[in-house]
Participant: 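Take a look at the following structure, please.
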2 protein chains.
Amino acid sequence: MNELEPEYLKSAGLKSTLPRLKVLDLFKNGQERHMSAEDVYQLLRDSGDNVGLATVYRVLTQFEQAGLLVRHNFEGGKSVFELNEGTHHDHIVCMQCGHVEEFYDSAIESRQKKIAAELGFTIHDHSLQIYGDCTKAKCPHRR
Amino acid sequence: MNELEPEYLKSAGLKSTLPRLKVLDLFKNGQERHMSAEDVYQLLRDSGDNVGLATVYRVLTQFEQAGLLVRHNFEGGKSVFELNEGTHHDHIVCMQCGHVEEFYDSAIESRQKKIAAELGFTIHDHSLQIYGDCTKAKCPHRR
DNA sequence: ATGCAAACGAGAATAATTATCATTCGCGCC
DNA sequence: GGCGCGAATGATAATTATTCTCGTTTGCAT
């Protein structure tokens, strides 16, 4: 059932190996959009694939550098990755259940550009997270 | 020469102890606005005050909870603290020299509130950092 | 099929932070 | 001005996230 996709790795200049294909498949066909290294490691282990934790870290970092994944540093000290689908967005994170929603606001984006320019910075990257409680929902997502 | 200020601690519900007074003094009268636990530890050590690293971590966390300091999680894996002067602001960080500038933009703030509301979140906190290079300056600040 | 560099897996090493616990300190009380 | 007690401290062990090391395996071109 594993829908492997070696072409992605080839085009990214990465050799097509089993661990890489499995990790990529997890992000493309798995249920969670946002996963930490530990999450990936456990999910692979659960599905019977024995990929070493060190390899997971290596692969995630390589994928980030290749532009296949994006890394986020949410509160809590661990890096979280998601598939890079070209469209930039920021995140709002529920502090109760850990659920993550994505949003994009062009007004915020353009203000950031203006501010950076005014302060004499060449913008490289930015990171915006809103932390709160998803009161509306009954927090159906677990951490 | 240490200008101690026990009243701050009292009013924050914290017992006035030597390590706490020294850390507070560093933030109020030191040259760096943004410091990690290790930074604080080293600076105290340099000025002849022997405060344990564990104590530094404890005091920083207590000060954060008491509202005296604000904690930031910039890229790089370590927490950075600054004096809480009531005025919220975000940060732009130079990736070359580590220099930090502060800014506040009411348009960004209000857009965030609106977005959180639309997504059904009670906003708790937020974190916005822009990462870039301070091209204008010749990067006079070192990390 | 063969070979070799690149990738892997297990476990050691590192970095930031937190927990443990015996000793010391701040401070109210007599 | 000393006493006592609980809170705070400091040294160090423990934890957590991540990276490094190194002997073994694998992808892939010949």
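By convention in this document, chain letters (A, B, ...) are assigned in the order of the sequence lines, proteins followed by strands, and residues within each chain are numbered from 1. Small disclaimer: the values here were computed from a predicted structure and weren't measured.
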Participant: Side chain of A/Thr55 only, heavy atoms from C-beta on: which candidate in C/dT17, C/dG9, D/dC28 is closest?
Facilitator: C/dG9
Participant: How close or far is atom C1' of C/dG9 from atom CZ of A/Arg45, stated in whole angstroms?
Facilitator: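 In whole Å, C/dG9 C1' lies 10 Å from A/Arg45 CZ.
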Participant: Let's see if you can work this out: which of C/dC8, D/dA7, C/dA6 has an atom nearest to the side-chain heavy atoms of A/Val59?
Facilitator: C/dC8
Participant: If you only use heavy atoms from C-beta on, which nucleotide in C/dT17, D/dT19, D/dG10 is closest to the side chain of A/Tyr57?
Facilitator: D/dT19
Participant: Following the transitive rule for hydrophobic clusters with a side-chain heavy-atom cut-off under 4.5 Å over Ile, Leu, Val, Met, Phe, Trp and Tyr, establish whether A/Val59 and A/Leu43 coincide in one cluster.
Facilitator: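 As far as the 4.5 Å side-chain criterion goes, A/Leu43 and A/Val59 are connected within one cluster.
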Participant: Round to the nearest Å and state the distance from B/Arg58 atom CZ to D/dA7 atom C1'.
Facilitator: 11 Å
Participant: Would you mind reading off the distance between A/Lys22 atom NZ and D/dT26 atom P, rounded to a whole angstrom?
Facilitator: 11 Å
Participant: What integer distance in Å separates B/Leu60:CG from D/dT9:P?
Facilitator: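 It is 12 Å, rounded to the nearest whole Å.
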Participant: Using a cut-off of 4.0 Å on non-hydrogen atoms, how would the nucleic acid contact of A/Ser36 be classed: base, sugar-phosphate, or nothing?
Facilitator: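 Result for A/Ser36 = nothing.
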Participant: Can you measure B/Asn50 atom CG to D/dA11 atom P for me and round it to whole angstrom units?
Facilitator: 7 Å
Participant: With distance as the sole test, does B/Arg20 use its side chain to make a donor-acceptor pair with the main-chain N or O of B/Lys15 at under 3.5 Å?
Facilitator: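 At least one qualifying donor-acceptor pair exists.
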Participant: Once you round it to whole Å, what is the distance between P of D/dA17 and CG of A/Asn73?
Facilitator: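 Atom-to-atom, A/Asn73 to D/dA17, this comes out as 13 Å.
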Participant: Between the side chains of B/Gln129 and B/His72, does any donor sit under 3.5 Å from an acceptor?
Facilitator: no
Participant: Could you state the CD-C1' distance from A/Gln65 to D/dT19, rounded to the nearest angstrom?
Facilitator: 13 Å
Participant: Can you confirm whether the side chains of B/Thr61 and B/Arg58 place a donor and an acceptor under 3.5 Å from each other?
Facilitator: no
Participant: Where the side chain of B/Lys78 is defined as all heavy atoms beyond and including C-beta, which of C/dA7, D/dT18, C/dT17 is the nearest nucleotide?
Facilitator: C/dT17
Participant: Does OP1 or OP2 of C/dA6 have a side-chain N or O of A/Thr17 closer than 4.0 Å?
Facilitator: no
Participant: With nearest nucleotides of DNA chain D determined for B/Pro19 and A/Arg71 from heavy-atom distances, which residue corresponds to the more 5′ nucleotide?
Facilitator: B/Pro19
Participant: Go nucleotide by nucleotide along DNA chain C from the 5' end; which of A/Ala54 and B/Gly77 gets its closest nucleotide reached first?
Facilitator: A/Ala54
Participant: Between atom CG in B/Leu9 and atom P in D/dA7, what is the gap in whole Å?
Facilitator: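 About 17 Å, once rounded to whole Å.
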Participant: Counting only side-chain heavy atoms from C-beta out, which of C/dT17, D/dG6, D/dG27 sits nearest to B/Lys15?
Facilitator: D/dG6
Participant: Verify the contact: side-chain N or O of B/Ser79 to OP1 or OP2 of C/dT17, cut-off strictly under 4.0 Å; return yes or no.
Facilitator: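 For C/dT17, OP1 or OP2 has a side-chain N or O of B/Ser79 closer than 4.0 Å.
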Participant: For the side chain of B/Val51, starting at C-beta, report the closest nucleotide among D/dG27, D/dG10, D/dA17.
Facilitator: D/dG10
Participant: Below 4.5 Å, heavy atoms only, C-beta onward: do B/Leu68 and B/Leu9 meet side chain to side chain?
Facilitator: yes
